[in-house]
Amino acid sequence: MVRGAEEILDHDRTPRVEAGLRYVSARNAALLPSYDLTEAVSAFGERRAPHFTGG
């Protein structure tokens, strides 16, 4: 997630708003629906260490 945030911040310091919003939307779509996110939330709720796979 940190790498994705860094890429968003470094993408282009002065893009048009529309282009910037499309880029952020694409990054979020790629990052959010992942097994690791589901695992993180489940592990937190179950008070256990998460088992990340990178997927």
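FYI, the numbering just counts along the sequence from 1. Being a predicted model, the structure only gives us computed values, none of them experimental.
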What pairs with Arg48 under side chain to side chain donor-acceptor pair (under 3.5 Å), at least two apart in sequence or on another chain? Glu39, Glu46
By side-chain contact (heavy atoms from CB on, under 4.5 Å), Arg22 pairs with (sequence neighbours left out) Glu18, Ala19
Tell me whether Asp36 contacts the main-chain N or O of Gly54 through its side chain, where contact means a donor paired with an acceptor under 3.5 Å. yes
